[in-house]
Number of protein chains: 2
Amino acid sequence: MLWVVVACAMPRKRLTREESREQTRLRLLDAAAAVIVKKGLAGTSVEDIAGHAGYTRGAFYSNFKSKTDLFIELLKSDHAQVQQDLQQLLEADISNEDLQKQLAQFYGQCYRDHNSYVLWAEARLHAVRDAKFRQRMNTLCLEKRDMIASFITQFNQRMAQPPLPAPAPDLALAMMALIDGMLYFNMSMPGEMSDTATGTVLSTIFTATFFGPQA
Amino acid sequence: MLWVVVACAMPRKRLTREESREQTRLRLLDAAAAVIVKKGLAGTSVEDIAGHAGYTRGAFYSNFKSKTDLFIELLKSDHAQVQQDLQQLLEADISNEDLQKQLAQFYGQCYRDHNSYVLWAEARLHAVRDAKFRQRMNTLCLEKRDMIASFITQFNQRMAQPPLPAPAPDLALAMMALIDGMLYFNMSMPGEMSDTATGTVLSTIFTATFFGPQA
DNA sequence: GTATCCAAATACATTGTTGTATTTAAATAC
DNA sequence: GTATTTAAATACAACAATGTATTTGGATAC
């Protein structure tokens with residue numbers, strides 16, 4: 001009886017089956033991300049995930065084949081987001097901006113937050129051990145590399161800089177490695193490398209690499 | 001009876017208690033490194049380690065307080081080795097060598113092999129989750145940073161190069177991040193980044209950073 | 001030799017995890 | 001309304017891992 005009143009007071013839409021299922025899926029994915037960041041992929045049980053999302057294991061197995069299955073979905077969704085961000089950056093008008101700003105944006109764009117970076121760190125270790133998984137991840141990484149390579153080429157042309165010191169795809173990998181290294185460092189040694197130091201170093205190296213022999 | 005003969009044939013020294021204990025310890029450490037690289041820290045059970053070393057769990061708990069305890073010993077021993085290598089490089093006469101060679105050596109020195117790198121990747125993730133552990137690791141990393149900073153300063157002076165574009169410790173962190181990023185990449189995407197590409201890129205960036213505005 | 005010591009093995013009790021099989025209740029279709 | 005469907009809960013059986021308590025047998029001391 002009270003139920004009716006409440007239901008009227010806050011028009012909490014009665015979900016259709018499909019909506020409800022989708023909601024459960026998303027809640028499980030979110031919960032998984034949180035718990036995996038906190039306890040690690042291997043250290044996280046299916047029960048942990050379901051529990052944290054407010055369900056039982058039954059809901060989990062009803063929605064995902066396995067923990068690995070869910071994990072891959074998690075990565076794919078994050079990758080798609082990053083790709084989209086990069087695409088946007090690529091399409092934006094960059095010729096009027098200065099390098100510093102670009103780099104800051106680029107850097108921030110690569111991985112949006114600490115959590116997603118930790119997830120990718122987990123993924124890499126998993127890739128070392130699972131060839132199948134590694135292949136899938138490589139595909140994603142190479143996709144990103146190509147997008148960055150395209151960004152570099154375009155940037156180089158628009159700025160009418162000296163020829164690149166190496167093929168764009170190679171430079172792209174190097175830049176990814178560099179940025180990864182920075183984030184990786186900050187992940188396990190937060191605060192050790194000041195933001196300004198990071199920025200300075202990145203821009204120093206970027207400038208030297210892309211703008212070549214002029215101070 | 002045959003035993004006596006065999007014992008004479010190969011003078012396999014009868015171990016003292018202490019020697020025997022030390023041997024067990026070392027075997028457990030070696031086994032742990034191998035298994036942890038293969039299955040991950042969390043995915044490795046104490047039983048796995050003991051079994052792989054040819055013992056039972058009893059031997060393990062008789063020698064180590066816990067898995068984490070053993071893991072830290074593993075890292076410390078690896079770190080000590082790297083520090084020693086760096087020290088040697090620092091003391092060596094470098095003024096006659098060319099940059100390329102130095103870099104190659106430096107690069108190879110940082111982490112001696114794939115396995116030890118994977119162990120450190122595990123360690124970093126562990127550090128994200130365990131503040132106590134993170135502090136310990138920071139100490140080790142800063143030790144390394146200082147040694148590299150010292151290397152950079154010395155190198156810069158001996159080569160009579162232009163002033164460094166940033167404080168040596170900051171540059172050291174950046175170099176560590178860069179090299180880490182490269183190795184990290186190669187770890188999960190082996191073969192994607194060719195050795196020559198890696199070398200070229202590293203030397204390009206290093207040259208640009210340390211030798212500044214001249215091609 | 002006998003007594004003792006201690007490194008490692010074994011036994012044990014407990015707890016956590018897995019995946020499947022079955023049940024339930026709410027949403028749809030009629 | 002009644003029947004059907006199905007998302008999620010619950011029950012279950014098998015197994016893996018933990019840490020401690022106890023035992024065993026080869027070193028050491030005498």
Side-chain angles (χ1 to χ4, degrees), chain A residues 1-4 6-7 11-32 35-36 38-73 122 126 129-130, chain B residues 1-4 6-7 11-32 35-36 38-73 122 126 129-130:
Chain A
M1 1 263 75
L2 188 54
W3 269 116
V4 177
V6 170
R12 197 200 311 273
K13 187 185 164 195
R14 233 171 178 309
L15 299 173
T16 164
R17 254 217 271 260
E18 203 177 352
E19 286 170 325
S20 164
R21 190 173 168 76
E22 191 53 25
Q23 190 185 54
T24 307
R25 263 185 86 80
L26 289 178
R27 282 181 181 163
L28 284 170
L29 282 166
D30 282 352
V35 182
I36 290 173
K38 193 161 145 202
K39 317 214 293 173
L41 182 60
T44 298
S45 70
V46 169
E47 184 109 42
D48 282 333
I49 297 171
H52 192 268
Y55 295 92
T56 64
R57 240 159 350 116
F60 181 96
Y61 284 111
S62 164
N63 281 282
F64 299 96
K65 213 175 93 267
S66 65
K67 198 168 68 176
T68 307
D69 184 44
L70 172 145
F71 187 55
I72 288 177
E73 288 219 26
E122 285 285 344
H126 194 68
R129 285 152 199 149
D130 180 339
Chain B
M1 358 263 74
L2 187 55
W3 270 116
V4 177
V6 170
R12 196 201 312 270
K13 186 185 166 198
R14 229 171 182 306
L15 299 174
T16 165
R17 253 216 274 261
E18 202 177 354
E19 286 171 326
S20 165
R21 190 172 167 77
E22 191 53 27
Q23 191 185 54
T24 308
R25 262 185 86 80
L26 289 178
R27 281 182 183 161
L28 284 170
L29 282 166
D30 282 352
V35 181
I36 290 173
K38 196 162 144 201
K39 317 212 296 172
L41 181 59
T44 298
S45 70
V46 169
E47 184 110 42
D48 282 333
I49 296 171
H52 193 268
Y55 296 91
T56 63
R57 241 158 350 115
F60 182 96
Y61 283 111
S62 164
N63 281 283
F64 299 95
K65 212 176 93 268
S66 65
K67 201 170 65 178
T68 307
D69 184 45
L70 174 145
F71 187 54
I72 288 178
E73 287 219 26
E122 287 283 347
H126 194 67
R129 284 150 200 152
D130 180 339

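Computation of the quantities below employed the complete heavy-atom set of this structure, encompassing side-chain atoms and omitting hydrogens, waters and symmetry-equivalent molecules. To find a chain, count down the sequence lines: A is the first, B the second, and so on, and within it residues start at 1.
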Value in whole Å for how far the P atom of D:dT18 lies from NZ of B:Lys65
15 Å
Please report, rounded to the nearest Å, how far the C1' atom of D:dA17 is from the NZ atom of B:Lys39.
12 Å
Starting at atom NZ of B:Lys67, determine the distance to atom P of D:dT18, rounded to an integer number of angstrom.
6 Å
Assign a letter to each nucleotide of nucleotides 3-9 of chain C from its 5' end: B, base within under 4.0 Å of a protein heavy atom; S, sugar-phosphate only; -, no contact.
--BSSSB
In chain order, what residues pass the side-chain hydrogen bond (donor to acceptor under 3.5 Å, both in side chains) check against B:Asn63, with sequence neighbours excluded?
none
Return the set of residues passing side-chain hydrogen bond (donor to acceptor under 3.5 Å, both in side chains) with B:Lys38 (not counting sequence neighbours), or none when no residue passes.
none
Results of side-chain hydrogen bond (donor to acceptor under 3.5 Å, both in side chains) for A:Thr24 - residues two or more places apart only:
A:Tyr55
Compare side-chain N and O positions of A:Thr16 against OP1 and OP2 of C:dT28 and report whether any pair is under 4.0 Å apart.
yes
Suppose we screen for salt bridge (Lys or Arg N to Asp or Glu O under 4.0 Å). Which residues come up paired with B:Arg129, at least two apart in sequence or across chains?
A:Glu122
Within the 4.5 Å heavy-atom criterion, are A:Glu47 and A:Phe60 side-chain neighbours or not?
no
In this structure, how many angstroms lie between the C1' atom of D:dA7 and the CD atom of A:Glu22, rounded?
13 Å
Which whole-number value in Å describes the distance from A:Arg27 CZ to D:dA7 P?
16 Å
Using atom CD of B:Gln23 as one end and atom C1' of D:dA27 as the other, report the distance to the nearest whole Å.
15 Å
Could you check how far CD of A:Glu18 sits from P of C:dT28, rounded to whole Å?
10 Å
Taking atom C1' of D:dA9 as reference, at what distance in whole Å does atom CD of A:Glu47 sit?
12 Å
side-chain hydrogen bond (donor to acceptor under 3.5 Å, both in side chains) filter on A:Arg17, not counting sequence neighbours, yields none
